[in-house]
Amino acid sequence: MLFPKGAAVPVEELLKQLADDSLQMGDERIRDFLAAFGRRLLRPALARRHPELGSLGFFLRPSELARTVAELGGEHVRVPRGLIFHLPPANVDTVFVYSWALSALMGNRNVVRLSPRSGTVAQAILETLHETLAAADPVVAATQRIISYHRSDEVTAALSAACDLRVVWGGDEAVREIRRHPLAPHARDLTFPDRSSFAVMRAAAWLCAPRAARVSIAEGFVNDTYWFDQAACSSPRTVFWVGDEDDCEAARADFTGHVSRVVTVRGWGVDAAMAVEKRVSTYGLAADGLAESVEFHGNALACVRLSAAAAAPRRWLGAGTFAHARLESLAELVALVERRDQTMTHFGFGRGELEELARDLAGRGVDRMVPVGSALSFHRVWDGVDLPAEFTRLVTVIG
């Protein structure tokens, strides 16, 4: 058992240990624990070593926790859903905390299965959780569990049968694999399968922006993409440039130069195996007639000029690999977007234009439109799902 510390126990015993159902939505004991945990994540030494933990700590600040609870008010009484079984991905170490924290805030008992392949960031999170637990109310240890096990149909099946909600983060195959294990008749799945994301930039706006603004946008773009090796579902893989041909070409070249400089200053790099992977992927696009040209800026940055916007790749091409395409107008995206498209980072567009695009897309794709630099910023509404709402049940009371 990873959290709280303790010896591994059979799944039947684990479920018996989670019998305490005294938590309520927005329980002060859980809020105090999450806020204290968040403050520890914001310690300068830890945040410098793992910048993504600073974002997580900011998400867990007391005012944000209070806002999350307050926004769920209404005519119904909200109560915890019950026992929540979380299965986060191995490639993004912080996702499990957002999922678990919001569920715990809603008063649920939780079991999180942490992959044995999780990295150093996950270990730092666990160490901080244990530090925080020392001064926490005993109800935290009595209702929350983080466990780790290699693939075991027996354990997964038992936890699936016992839970009230199963939350599956990962690829399509991971979702299909987990769904082999039946839930109780009243329970349900909340799934986050394979997704892809892209950026949209207005070329004229980029060319008119002061140099300081362009540097800032390039830094934000690098944050969006190089953390987690561009494998996060919300990290853009294609950059669409909107405008006339000359402006788009000039903006793309200048943007690439700024990104290359940021990558160099930050010291981002890729190993030899990744560099080979990127060349195989990009030359493959060219061989298939989908790319007009391929540019490499060292091993860390590769840019592909697509032959047509419709050729935008959804698959991962290797860390620091970006496809570029031109659009005459933002409206052209409507015909290009697919259901698996999740996040659209943007620069140079007004809120009205973005809302019009969202209405025109009519749910066929894109669940998030956020400024460049905010792709990895977690929000309670993710993939079009209001997570705190999903983690509760509504009770109708008529007097």
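Residues: numbered from 1 along the sequence shown.
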More than 12 heavy atoms from other groups under 6.0 Å of CZ on R29: yes

Joint cluster assignment, V112 & L2, ILVMFWY side-chain distance < 4.5 Å: yes

For L330, the rest of its hydrophobic cluster, which grows through side-chain links under 4.5 angstrom: F198, V200, F240, V242, L327, L333, V334, L336, V337, M344, F349, L354, L357, L361, V366, M369

Reported CG-to-CG distance for the pair D137 and D32, which is rounded to 0.5 angstrom: 9.0 Å

Note, H186 side chain near D164 side chain (heavy atom, < 4.5 Å): yes

4.5 Å side-chain heavy-atom contact, P371 and T345: no

same_hphob_cluster(Y226, L317) at 4.5 Å side-chain heavy-atom cutoff: no

Pairwise distance SG(C233) to CZ(R340) - rounded to 0.5 angstrom: 11.0 Å

Side-chain donor/acceptor of R252 to backbone N/O of W241, under 3.5 Å: no

Lys NZ or Arg CZ of R61 over F58 ring: under 6.0 Å, within 45°: yes

E52 vs W227, side-chain contact (heavy atoms from CB on, under 4.5 Å): CA-CA, chis, key distance, verdict: CA-CA 8 Å; E52 56 269 52; W227 281 1; 4.2 Å; yes

Over 12 non-hydrogen atoms of neighbours within 6.0 angstrom of CD in E295: yes

Within 6.0 angstrom of E71 CD, more than 12 heavy atoms from elsewhere: yes

L306 vs V304 side-chain heavy atoms within contact, under 4.5 Å: yes

Over 12 non-hydrogen atoms of neighbours within 6.0 angstrom of CZ in R211: no

Sequence-distant partners of F59, side-chain contact (heavy atoms from CB on, under 4.5 Å), two or more places apart: Y98, L102, F378

Modelled atom types, side-chain donor and acceptor of H86 and S99, under 3.5 Å: yes

Worked check of side-chain contact (heavy atoms from CB on, under 4.5 Å) between Q342 and F192: CA-CA 10 Å; Q342 183 214 61; F192 298 90; over 6 Å; no

Step-by-step side-chain contact (heavy atoms from CB on, under 4.5 Å) determination, E353 to R202: CA-CA 12 Å; E353 294 175 283; R202 174 164 274 149; 2.8 Å; yes

4.5 Å side-chain heavy-atom contact, L46 and R40: no

CA sep, side-chain torsions, deciding dist, call: D341, R314, salt bridge (charged side-chain N to carboxylate O under 4.0 Å, His left out): CA-CA 8 Å; D341 292 330; R314 264 70 183 184; 2.7 Å; yes

Cluster overlap V222 with V239, hydrophobic side-chain contacts below 4.5 Å: yes

Check: L159 and L15 side chains under 4.5 Å, non-hydrogen atoms: yes

Donor-acceptor under 3.5 Å (H76 side chain, R78 main chain): no

Test item: R188 side-chain N/O and L165 main-chain N/O as donor-acceptor pair under 3.5 Å: no

Partner set under salt bridge (charged side-chain N to carboxylate O under 4.0 Å, His left out) for E28, not counting sequence neighbours: R31

Cluster overlap L387 with V69, hydrophobic side-chain contacts below 4.5 Å: yes

Check: S197 side chain, T343 main-chain N or O, donor-acceptor pair, under 3.5 Å: yes

CD/Q24: more than 12 non-hydrogen atoms of other groups inside 6.0 Å: no

H150, NE2: over 12 other non-hydrogen atoms inside 6.0 angstrom: no

F3 six-ring face occupied by R145 cation (under 6.0 Å, within 45°): no

Side-chain heavy atoms of T238 within contact of P313, under 4.5 Å: yes

T132 versus T128, closest heavy-atom pair with distance: OG1-O, 2.8 Å

Gap between atom CD of Q123 and atom OG of S118 - 0.5 Å precision: 9.5 Å

R195 side chain to A232 backbone, donor-acceptor under 3.5 Å: no

F221 ring center within less than 6.0 Å of F347 ring center: no

Heavy-atom neighbours of R117 CZ exceed 12 at 6.0 Å: no

Step-by-step side-chain contact (heavy atoms from CB on, under 4.5 Å) determination, S377 to V370: CA-CA 9 Å; S377 297; V370 298; over 6 Å; no

